[in-house]
Number of protein chains: 2
Amino acid sequence: MEKPNIKILLAEDDPNLGTILKAYLEAKGFPTTLCINGQEAYNMYLKEVFNFCILDVMMPVKDGFTVAREIRKVDKKIPILFLTAKTMQEDILEGLKIGADDYLTKPFSMEELLLRINAIHRRTSPEISGDSDKTFFRIGKYSFDYSRQILKIEDQEQKLTSKEAQLLKMLCDRINDVLDRSEALTKIWLDDNYFNARSMDVYIAKLRKYLKDDPTVELLNVHGKGFKLIAD
Amino acid sequence: MEKPNIKILLAEDDPNLGTILKAYLEAKGFPTTLCINGQEAYNMYLKEVFNFCILDVMMPVKDGFTVAREIRKVDKKIPILFLTAKTMQEDILEGLKIGADDYLTKPFSMEELLLRINAIHRRTSPEISGDSDKTFFRIGKYSFDYSRQILKIEDQEQKLTSKEAQLLKMLCDRINDVLDRSEALTKIWLDDNYFNARSMDVYIAKLRKYLKDDPTVELLNVHGKGFKLIAD
DNA sequence: ACCCTGATTTAAAAAAAGTTAAGCCATGTT
DNA sequence: AACATGGCTTAACTTTTTTTAAATCAGGGT
């Protein structure tokens, strides 16, 4: 039962601390992506799916607060933990206002960090579902706004129906990984039967049509398993 | 999700910890009143209505236990959580005797505090309605005064009928989330049948017309489920 | 190569949502 | 009492979204 599979987005400009943290977290079983500034972190956030953010407050190019605000716009739930230099109480206040789940003042012990991550994650996601609360995604040249149900490429907007949007979101949550047929059917169509499976096929075909304008994006079938959305 | 609307009375004499806690709790959606000593806390308790008390044990003028005893005299049910300096068993015992619901020893993580509040509140008040008693809303560039039944954008006022206002309020209570068709029908139209559903569609159309002056605001349909009001 | 099953595509039918306008009914006015 | 008004419902019709159907294609094994 103990299979957390929390993917961590870590933004830390000090390469020393950054690599140490990444190594530590991965040793503890959390796949971690390290970004060396806020801009890079935000781009990474849109492209892949994470379950936890650790953001240094002071970073070049884009500070941690700005990143957090941008992330909060499209994901109200993902846990955010700030790393802030000691003595900066105002920082803490600012961060909490944005909706941080916790903060740590440097220097801190790795163990403390681990404790916080586990505590937060225990509260925020009792069930391991594979689905995020993200609502905005990048798929190659496309951008996909799930809550507005809009798929855009170079100012060309395609309005999506709710079923189309649900399915595409589920594919995005597992980008470059297979989405199980029966999982999608149970979650979106509420029943895994022959007719719903045919219906799903129709929607896959529609999504392929919408996504054909960027050749690097592919929605491929994994025979007998499900579908995989491929993008840079 | 849940919408607890818990008003918290927080008594903490350390201004640093006090403001941070207040900011954190408010960011998590709990309106919090901070008092810097026990006497002030008790006065505040008598003046306003709270649903939760967090009391530091050691405070000048009047300590947390005394406040708790006074509060318990007039309210046997309000949840009380103590903050105690260190692991003083006697303190804890004393507090529990008074009728505390929980305690936390400093230093503690915000996360831990939030967990306790949620746990206690779940225990003490099980019902969740989804509807607030809020009466004023911001919808993108619009402002909506439910009690006056007025929808305004840039000094342009639109008077709403009561059905229009009821429906819009219900959508605002679940902004960026789906309002279930049948829920709205049962609550506003008192019966979920074909004709009322058609009637509701007419009102949705009217609301869309009223809301068209801010393109970032969208009232979209979620097929087979209901409607979702999108706005930042 | 052959077969079976799963996947794909297109078209049609069915269900849900949207639009417009007419009608109804309670209220207040002359 | 007759009339006007505004709010709401009903009705008929259109459009969109989803499901079903049917014909064809592809993958993996014997």
Side-chain angles (χ1 to χ4, degrees), chain A residues 146-151 157-171 178-212 217-230, chain B residues 146-151 157-171 178-212 217-230:
Chain A
Y146 169 66
S147 61
R148 294 194 136 85
Q149 304 187 174
I150 286 174
L151 181 64
E157 277 195 10
Q158 173 64 51
K159 283 192 187 169
L160 301 183
T161 73
S162 35
K163 274 260 152 59
E164 289 166 356
Q166 279 181 78
L167 182 54
L168 184 53
K169 175 178 184 324
M170 214 156 170
L171 287 160
V178 288
L179 165 63
D180 204 66
R181 247 197 129 99
S182 74
E183 193 189 341
L185 285 167
T186 334
K187 286 193 180 161
I188 300 178
W189 276 266
L190 305 177
D191 186 21
D192 178 356
N193 62 38
Y194 174 81
F195 293 110
N196 286 340
R198 272 340 92 232
S199 198
M200 178 170 168
D201 287 339
V202 172
Y203 277 87
I204 290 288
K206 287 171 151 200
L207 290 182
R208 286 199 176 114
K209 205 167 284 169
Y210 296 150
L211 291 170
K212 73 175 162 11
V217 175
E218 273 182 296
L219 178 39
L220 27 107
N221 171 257
V222 183
H223 196 92
K225 292 272 189 306
F227 297 91
K228 187 152 68 160
L229 180 60
I230 308 276
Chain B
Y146 171 65
S147 57
R148 292 194 151 79
Q149 303 189 176
I150 285 174
L151 181 64
E157 278 195 10
Q158 173 62 249
K159 284 189 189 171
L160 300 183
T161 73
S162 43
K163 275 257 153 58
E164 288 167 355
Q166 279 181 78
L167 182 54
L168 185 53
K169 175 177 183 327
M170 215 155 168
L171 287 160
V178 289
L179 165 62
D180 206 66
R181 245 198 131 98
S182 73
E183 193 190 340
L185 285 168
T186 353
K187 287 197 179 157
I188 301 179
W189 276 267
L190 305 177
D191 186 19
D192 178 357
N193 62 38
Y194 174 83
F195 293 110
N196 286 340
R198 267 345 86 232
S199 195
M200 178 170 169
D201 286 340
V202 173
Y203 277 85
I204 290 289
K206 287 170 153 202
L207 291 182
R208 285 199 176 117
K209 207 166 283 170
Y210 296 150
L211 291 170
K212 73 173 163 10
V217 175
E218 273 181 293
L219 179 39
L220 44 94
N221 171 256
V222 182
H223 196 96
K225 293 268 191 317
F227 296 92
K228 186 155 70 159
L229 181 60
I230 307 274

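Just so it is clear, the structure is predicted and the values come from calculations on it, not from any experiment. Just so we're on the same page: letters track the sequence lines, and every chain starts at 1.
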Open item on the list: Please enumerate all residues that pass side chain to side chain contact (heavy atoms under 4.5 Å, CB included) together with B:Ala205, with sequence neighbours excluded.
Closed with: none

TODO: Identify whether any heavy atom of A:Arg208 sits under 4.0 Å from a base atom; if not, whether one sits that close to sugar-phosphate; answer base, sugar-phosphate or nothing.
DONE: sugar-phosphate

Open item on the list: Let me spell it out: for each of A:Val202 and A:Gly224, pick the nucleotide of DNA chain C with the closest heavy atom. Which residue's pick is nearer the 5' end?
Closed with: A:Gly224

Open item on the list: Of all nucleotides in DNA chain C that come within under 4.0 Å of a heavy atom of chain B, which is furthest toward the 5' end and which toward the 3' end?
Closed with: C:dA16 to C:dT20

Open item on the list: I'd like to check B:Ile204 versus B:Leu167 (side-chain heavy atoms, cut-off strictly below 4.5 Å). Are they in contact?
Closed with: yes

TODO: Under 4.0 Å between any heavy atoms, over every strand shown, what does B:Tyr194 touch: base, sugar-phosphate, or nothing? Just pick one.
DONE: nothing

Task: Min side-chain heavy-atom separation A:Leu179-A:Leu229 under 4.5 Å - done: no

Task: Under the side chain to side chain contact (heavy atoms under 4.5 Å, CB included) test, residues paired with B:Gln149 that sit two or more places apart - done: B:Leu160, B:Ser162, B:Ala165

Open item on the list: Just so I know, are the side chains of A:Glu183 and A:Met170 near enough to count as touching, which here means a heavy-atom distance under 4.5 Å?
Closed with: yes

Task: Counterpart residues, side-chain hydrogen bond (donor to acceptor under 3.5 Å, both in side chains), relative to A:Lys228 (two or more places apart) - done: none

- [ ] Return the 5'-most residue of the pair B:Asn221, B:Phe195 with respect to DNA chain D, ranking by each residue's nearest nucleotide.
- [x] B:Phe195

Task: DNA chain D: 5'-most and 3'-most nucleotides touching chain B, 4.0 angstrom heavy-atom criterion - done: D:dG7 to D:dT18

TODO: With sequence neighbours excluded, give me every salt bridge (charged side-chain N to carboxylate O under 4.0 Å, His left out) pair touching residues 189-198 of chain B.
DONE: B:Arg198-B:Asp201

Task: pair B:Phe227-B:Arg208: side-chain heavy atoms closer than 4.5 Å - done: yes

Open item on the list: Classify B:Thr161 by what it touches in the nucleic acid, base, sugar-phosphate, or nothing, heavy-atom distance under 4.0 Å.
Closed with: sugar-phosphate

TODO: Would you indicate what B:Lys206 reaches in the nucleic acid, counting non-hydrogen atoms under 4.0 angstrom: base, sugar-phosphate, or nothing?
DONE: nothing

